[in-house]
Amino acid sequence: MEYSKLPRDLSAPINDGACNHLNNSILPDISLPNQYGNLLKLNRLDTFRIVLYCFPMTGRPDRALPNDWNLIPGASGCTLQTLSIRNKYDEIISLNSVPIGVSTQSVEDLNEMSIRLSIPFDLLSDTNLKLKNSLKLPTFSVGEKIFIKRLTLIIEKSTIKKVFYPIFPPHKHINEVIEWLKIN
């Protein structure tokens, strides 16, 4: 499986309005485990902004993707998106912001990806769907597994200030986020 480029015939997701309720919402008082199993509280009053990007699932070289993964609009591209954020990490930090990824993948899967891709920021596991349920985040399912649709929240002092949804193409989205951070 090739994880370094998007499939050619990738379908763009449509805006189904599933994130319209999120602007100016307050983050719930929950903590999620990061790639090392340490809990990270999301409702914070820090002076920096959080760029919380939700992604369905990053593939692993030792496992096949779910059947027909590339046919699901918005499913493919998580590894490339994470790499693009990693590559712009210093610029994001210089804008008084911290990127944090969230998926319904296990801590083990996120740890593997973090090490393999040299990710310098936290990746949070929402396997129990605490964040998804609290914020009513949009999802899709493959079999019994629930995946959060790709979206990005800019959070300032626990308040969602900006919602990016849907996101396409995923590996170029960070440029849109950086432009927003520069003018806001």
Side-chain angles (χ1 to χ4, degrees), residues 1-7 10 27 30-44 46 48-66 69-70 74-132 135 137 139 145-156 162-165 167-182:
M1 185 72 204
E2 177 63 55
Y3 295 105
S4 63
K5 56 186 166 184
L6 290 174
L10 197 61
L27 242 53
I30 63 171
S31 299
L32 296 175
N34 70 3
Q35 67 267 38
Y36 308 112
N38 300 321
L39 291 177
L40 181 69
K41 184 176 178 166
L42 292 173
N43 182 305
R44 312 168 66 97
D46 298 312
F48 58 84
R49 295 180 284 195
I50 296 173
V51 177
L52 190 71
Y53 76 100
C54 299
F55 59 96
M57 181 189 80
T58 298
R60 287 181 59 153
D62 60 340
R63 295 185 192 153
L65 292 171
W69 186 255
N70 292 336
S76 291
C78 299
T79 300
L80 289 176
Q81 180 184 18
T82 298
L83 288 172
S84 69
I85 294 168
R86 179 201 68 189
N87 294 344
K88 300 278 186 167
Y89 178 76
D90 289 340
E91 187 172 1
I92 296 165
I93 294 296
S94 76
L95 295 167
N96 196 37
S97 301
V98 175
I100 299 173
V102 177
S103 85
T104 58
Q105 287 182 271
S106 69
V107 168
E108 175 192 344
D109 284 348
L110 294 174
N111 184 263
E112 182 280 331
M113 188 253 296
S114 175
I115 292 168
R116 176 172 41 92
L117 301 178
S118 300
I119 303 302
F121 49 84
D122 285 309
L123 300 168
L124 304 180
S125 174
D126 194 22
T127 56
N128 294 328
L129 307 176
K130 288 166 68 174
L131 183 66
K132 176 259 181 222
L135 290 177
L137 299 177
T139 62
K145 179 71 174 155
I146 296 173
F147 300 93
I148 300 172
K149 289 185 178 181
R150 189 183 319 279
L151 62 107
T152 300
L153 306 174
I154 308 296
I155 302 159
E156 187 174 331
K162 175 68 176 165
V163 178
F164 293 92
Y165 176 84
I167 293 169
F168 192 83
H171 64 298
K172 294 182 179 179
H173 169 61
I174 193 58
N175 297 324
E176 184 180 12
V177 170
I178 287 171
E179 286 308 308
W180 189 90
L181 291 170
K182 285 179 179 178

**Study point:** Heavy-atom check, side chain of Ile85 versus side chain of Gln81, under 4.5 Å
**Key:**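 Yes, close enough: below the 4.5 Å cut-off.
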Polar side-chain atom of [X] near backbone of [Y] as donor-acceptor pair, under 3.5 Å:
| X | Y | value |
| --- | --- | --- |
| Arg150 | Gly74 | yes |
| Thr127 | Ser125 | no |
| Arg60 | Met113 | no |
| Asp126 | Lys132 | yes |
| Asn43 | Leu27 | yes |
| Asn111 | Tyr36 | no |

How far apart are the closest heavy atoms of [X] and [Y], and which atoms are they?
| X | Y | value |
| --- | --- | --- |
| Lys145 | Thr104 | NZ-O, 2.6 Å |
| Ile92 | Pro99 | CG2-CD, 3.8 Å |
| Ser103 | Pro56 | CB-O, 3.9 Å |

Practice item. Can you label the angle between the Phe121 ring and the Tyr89 ring as parallel, tilted or perpendicular, going by 30° and 60°? Key: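 Phe121 vs Tyr89 ring planes: parallel.
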Practice item. Please name all residues satisfying salt bridge (Lys or Arg N to Asp or Glu O under 4.0 Å) with Glu176, sequence neighbours left out, ordered by chain then number. Key: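 Glu176 satisfies salt bridge (Lys or Arg N to Asp or Glu O under 4.0 Å) with no other residue.
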Check your understanding: Hey, what do you get for CG (Leu151) to CG (Leu135), rounding to the nearest 0.5 Å?
Key ->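 Going from CG on Leu151 over to CG on Leu135, the span is 9.0 Å.
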Exercise for review: Give, for atom CG of Leu83 and atom CG of Leu117, the distance between the pair rounded to the nearest 0.5 Å.
Suggested key: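 Reported value, rounded in 0.5 Å steps: 5.0 Å.
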